[in-house]
2 protein chains.
Amino acid sequence: MATLKDIAKHANVSACTVSRYLNDDIVIKKETEERILHAIKELGYVRNVVAKSLKRKETFNIAVILPKINNLYYSEITSGISQTLGKHHYNLYIYEVDNLNLQEEAILQLMRENMVAGIIFIGLFSDTSFSESIQNVIDWNIPVVYANRCMPFEGFPLLYPDLVQASKLGTEYLQASGKNKLAFVHKKVPDQLLALFLEGYRQATNSDEKPLLLEISDELELVKDCIPTLVENSIEGVFVLNELSAVYLTKALVQANIRIPEDMAVLSLGNSLMSQISTPELTCVDLQNRELGIKSAEMILSQIRKEEFEPVTVLAPCIVVRKSA
Amino acid sequence: MATLKDIAKHANVSACTVSRYLNDDIVIKKETEERILHAIKELGYVRNVVAKSLKRKETFNIAVILPKINNLYYSEITSGISQTLGKHHYNLYIYEVDNLNLQEEAILQLMRENMVAGIIFIGLFSDTSFSESIQNVIDWNIPVVYANRCMPFEGFPLLYPDLVQASKLGTEYLQASGKNKLAFVHKKVPDQLLALFLEGYRQATNSDEKPLLLEISDELELVKDCIPTLVENSIEGVFVLNELSAVYLTKALVQANIRIPEDMAVLSLGNSLMSQISTPELTCVDLQNRELGIKSAEMILSQIRKEEFEPVTVLAPCIVVRKSA
DNA sequence: TTGTAGGCGTTATCAT
DNA sequence: ATGATAACGCCTACAA
């Protein structure tokens with residue numbers, strides 16, 4: 001493999017000139033340029049990014065740490081990240097926590113060993129230890145973005161969808177369709193998060209009454225257990241705070257001969273392919289996952305370049321109307 | 001950041017000893033070991049993999065090149081790869097071709113620049129230029145695996161599901177359920193690939209008659225256009241050679257008041273979450289995507305270690321029975 | 001506009 | 001069992 005030095009020798013210039021020509025765009029004598037270009041082609045030179053990274057003490061690798069990649073929710077965000085990083089010639093590492101069998105600490109160690117240029121966390125570390133972990137990363141001067149989490153600002157860059165707004169939009173939409181008795185169906189979720197949805201409901205209804213709150217598991221078989229409760233409470237519209245659960249609930253409702261949306265409207269939170277292929281197709285609040293990914297990557301790049309950036313970015317959700325509400 | 005040298009100095013040994021202690025497991029004086037360990041802890045040493053890579057002329061990064069990651073088909077394979085790589089302490093790069101706006105050549109250049117330890121191609125380069133590209137990579141001594149493609153062996157490691165067997169299994173299953181008049185519904189696909197499915201059908205039926213072949217687009221709206229043809233030909237069972245199309249066709253059939261599986265059985269090729277959330281849930285031929293990923297990664301690792309390995313691996317599909325057939 | 005020389009942090013070779 | 005030294009390929013003062 002030809003190196004910079006080989007090129008330099010072949011073109012009768014110093015390695016330094018070649019390096020500068022290739023990296024910075026400096027002025028160079030036309031004739032020198034031609035000799036360099038010719039040498040590069042002739043020797044089939046490919047630059048060595050590893051050597052460059054060592055010298056510069058920085059890589060062009062950004063790590064995305066997420067629970068699992070074979071989940072549309074995460075892979076859509078990841079795709080957004082990939083899109084932005086590609087545009088700026090950064091490489092993308094994926095670390096699947098559920099798959100990796102590593103402790104937080106070990107993963108972060110990996111980041112340092114590999115000198116990643118930045119880390120994007122997606123939907124992770126819900127326990128208290130996590131903000132400590134992130135603080136570590138920051139102390140090591142590794143740019144971080146924490147995406148997909150709704151939480152108070154604790155000193156590190158944050159990026160999440162506006163869940164209050166999502167809840168408000170959803171509630172308003174259901175009510176505008178004449179559905180006034182609402183239930184919020186959700187998986188086990190921190191109270192803090194639930195509070196955001198309730199706040200959105202409050203803003204939409206302008207009253208102190210609350211929607212029926214129903215906690216469910218994500219198993220298809222178990223979802224149907226909540227249908228009697230919905231019926232007994234003469235619920236007219238359900239806002240399911242998880243897309244897969246929405247799909248399952250919809251299936252169960254259809255099976256129970258409950259007409260959607262006439263007897264009961266179903267609104268899903270999240271707009272992946274799942275909502276589209278559900279029967280009936282789900283009306284949903286789109287949390288803008290790809291956009292979230294794009295913005296996350298931009299935020300990391302800003303940090304790397306030491307540009308100014310807004311440390312908390314909140315994404316505005318929007319309604320996508322289909323058939324279920 | 002403390003370096004090896006710092007550790008060495010602090011422990012009163014040479015850098016070389018520390019390096020050997022950390023990497024190879026050599027015999028070392030108990031006392032020396034303690035001093036090293038102590039220094040590492042005290043200085044908070046983290047090894048620099050980039051420097052190591054430069055010196056060793058090898059990285060621990062494996063690249064996966066695929067069309068897009070936000071697609072369950074690819075992300076399941078990727079997750080399998082991730083699982084295996086993680087176990088062996090390799091990092092995973094993702095390159096989304098659809099997103100990257102780069103030519104084949106530019107992507108491969110990227111691989112060389114970054115000295116990736118291996119490349120896994122998934123479902124790519126269907127044009128003729130591709131095998132040339134792969135030949136390039138091989139010439140550069142980069143281990144390669146080409147996954148998810150059914151093609152003759154051309155000198156590089158290959159890995160794909162047994163589509164003939166898939167077709168045979170599917171056909172047999174449908175026939176065993178009393179469905180004898182079958183249609184194969186597929187998106188635009190190379191003749192060569194279609195031939196495999198026909199061969200599977202032949203093996204299952206032991207006759208020269210062919211199933212009805214119906215080419216469709218993947219748009220929900222257009223899928224229903226093929227229903228009249230199915231009905232006119234009094235088709236009893238449909239084998240859809242693409243999971244998403246199967247979901248859409250199923251939707252359309254339900255909407256057309258055709259009972260599934262009584263009036264028409266639907267069999268899907270592929271077993272992602274999509275088949276599970278379809279209504280009715282789709283019986284399918286599982287192509288073993290995660291397994292494909294796991295095996296791909298193993299194949300790359302074998303190459304890296306210069307172990308013997310089987311250059312062509314064919315995965316056996318299996319039927320997963322649900323409701324649609 | 002171009003060149004010289006040193007070093008990024010590690011490992012390999014050869015020596016002790 | 002441990003050390004000294006020289007690379008790996010590149011970038012960057014500083015010098016010319």
Side-chain angles (χ1 to χ4, degrees), chain A residues 1-37 39-40 43-61 89 109-117 140-141, chain B residues 1-37 39-40 43-61 89 109-117 140-141:
Chain A
M1 287 278 303
T3 72
L4 248 197
K5 273 186 185 166
D6 298 330
I7 301 304
K9 205 175 297 173
H10 197 273
N12 257 314
V13 289
S14 77
C16 163
T17 304
V18 182
S19 170
R20 280 183 300 214
Y21 170 66
L22 256 28
N23 293 290
D24 326 320
D25 55 355
I26 55 162
V27 193
I28 199 181
K29 271 225 301 250
K30 193 81 191 157
E31 189 222 359
T32 318
E33 177 175 21
E34 273 165 16
R35 287 212 311 277
I36 293 180
L37 254 20
I40 288 178
L43 303 186
Y45 171 70
V46 175
R47 72 189 167 145
N48 185 323
V49 174
V50 174
K52 176 176 186 163
S53 295
L54 174 59
K55 178 64 195 180
R56 305 266 318 262
K57 288 168 177 269
E58 62 170 353
T59 67
F60 300 88
N61 303 324
H89 306 289
Q109 164 107 354
L110 220 52
M111 305 295 102
R112 297 180 79 188
E113 290 183 344
N114 287 284
M115 301 204 315
V116 298
W140 304 330
N141 280 312
Chain B
M1 287 280 302
T3 72
L4 249 197
K5 275 184 185 167
D6 297 331
I7 301 303
K9 204 174 298 174
H10 197 273
N12 257 315
V13 290
S14 78
C16 163
T17 303
V18 182
S19 170
R20 279 185 299 214
Y21 170 66
L22 257 28
N23 292 289
D24 325 321
D25 54 357
I26 54 159
V27 193
I28 198 181
K29 272 225 298 251
K30 193 83 191 156
E31 188 223 359
T32 318
E33 176 175 21
E34 274 164 15
R35 288 211 313 277
I36 294 180
L37 252 23
I40 287 179
L43 303 187
Y45 171 70
V46 175
R47 72 188 169 149
N48 185 325
V49 174
V50 173
K52 176 178 185 160
S53 295
L54 174 59
K55 178 64 195 177
R56 306 263 321 260
K57 289 165 176 270
E58 62 169 352
T59 67
F60 300 87
N61 303 326
H89 306 288
Q109 164 106 355
L110 221 52
M111 304 294 102
R112 297 181 78 189
E113 290 183 347
N114 286 284
M115 301 204 314
V116 299
W140 302 331
N141 279 313

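Each chain gets a letter, A, B and so on, in the order its sequence line appears, and its residues count up from 1. Here the structure is a predicted model, which is why all the values come from computation and not from measurement.
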Where do A:A39 and A:A11 come nearest, in terms of heavy atoms and distance?
CB-CB, 4.1 Å
Show, in sequence, the C-alpha distance, side-chain angles and deciding distance for A:Y21 and A:L37, and conclude whether the side-chain contact (heavy atoms from CB on, under 4.5 Å) test is met.
CA-CA 10 Å; A:Y21 170 66; A:L37 254 20; 3.5 Å; yes
What is the nucleic acid contact for B:N12, judged by heavy atoms within less than 4.0 Å: base, sugar-phosphate only, or nothing?
sugar-phosphate
Quick one: bend of the helix from C:dT1-D:dA16 to C:dT16-D:dA1 from 5 pairs per end, to 10°?
30°
Between B:T32 and A:S19, which has a closest nucleotide on DNA chain D that is more 5'?
B:T32
Could you work out, with side chain to side chain contact (heavy atoms under 4.5 Å, CB included) as the rule, every residue matching B:A51, not counting sequence neighbours?
A:L54, B:N48
Could you tell me which residues satisfy salt bridge (charged side-chain N to carboxylate O under 4.0 Å, His left out) with B:R47, sequence neighbours excluded, listed by chain and number?
A:E113
Return the residues of residues 44-59 of chain A meeting this criterion: a heavy atom under 4.0 Å from some atom of DNA chain D. Order them by number, or give none.
A:Y45, A:R47, A:N48, A:A51, A:K52, A:K55, A:R56
At the 4.0 Å heavy-atom cut-off to chain A, mark where contacts on DNA chain C begin and end, going 5' to 3'.
C:dT1 to C:dG9
D:dA4 phosphate, OP1 or OP2, under 4.0 Å from B:S14 side-chain N/O:
no
Got a list of protein N/O to nucleotides 13-16 of chain D N/O distances below 3.5 Å?
none

The side chain to side chain contact (heavy atoms under 4.5 Å, CB included) partners of A:S19 (sequence neighbours excluded) come to A:L4, A:N23
Sorted by chain and residue number, the salt bridge (charged side-chain N to carboxylate O under 4.0 Å, His left out) partners of B:E58 (sequence neighbours excluded) come out as B:R56
Who are the ring-ring contact (aromatic ring centres under 6.0 Å, His included) partners of A:F60, not counting sequence neighbours?
A:Y90
Quickly work out the B:N114 CG to D:dC10 P distance and round it to whole Å.
13 Å
For B:R112, which residues count as a salt bridge (charged side-chain N to carboxylate O under 4.0 Å, His left out) partner, sequence neighbours excluded?
none
Heavy-atom pair of closest approach, residues A:M115 and B:V50:
CE-CG2, 3.6 Å
Full working for side-chain contact (heavy atoms from CB on, under 4.5 Å) between B:N61 and B:N114
CA-CA 9 Å; B:N61 303 326; B:N114 286 284; over 6 Å; no
Report the residues that fulfil side chain to side chain contact (heavy atoms under 4.5 Å, CB included) with A:L43, sequence neighbours left out, ordered by chain and then residue number.
A:A2, A:D6, A:I7, A:H10
So A:K30 and A:E34, salt bridge (charged side-chain N to carboxylate O under 4.0 Å, His left out) or not? Walk me through it.
CA-CA 6 Å; A:K30 193 81 191 157; A:E34 273 165 16; 5.2 Å; no
Expressed as a whole number of angstroms, how long is the span from A:Y21:OH to D:dT12:P?
18 Å
Just to verify, what does B:K5 make a side chain to side chain contact (heavy atoms under 4.5 Å, CB included) with, not counting sequence neighbours?
B:T3, B:A15
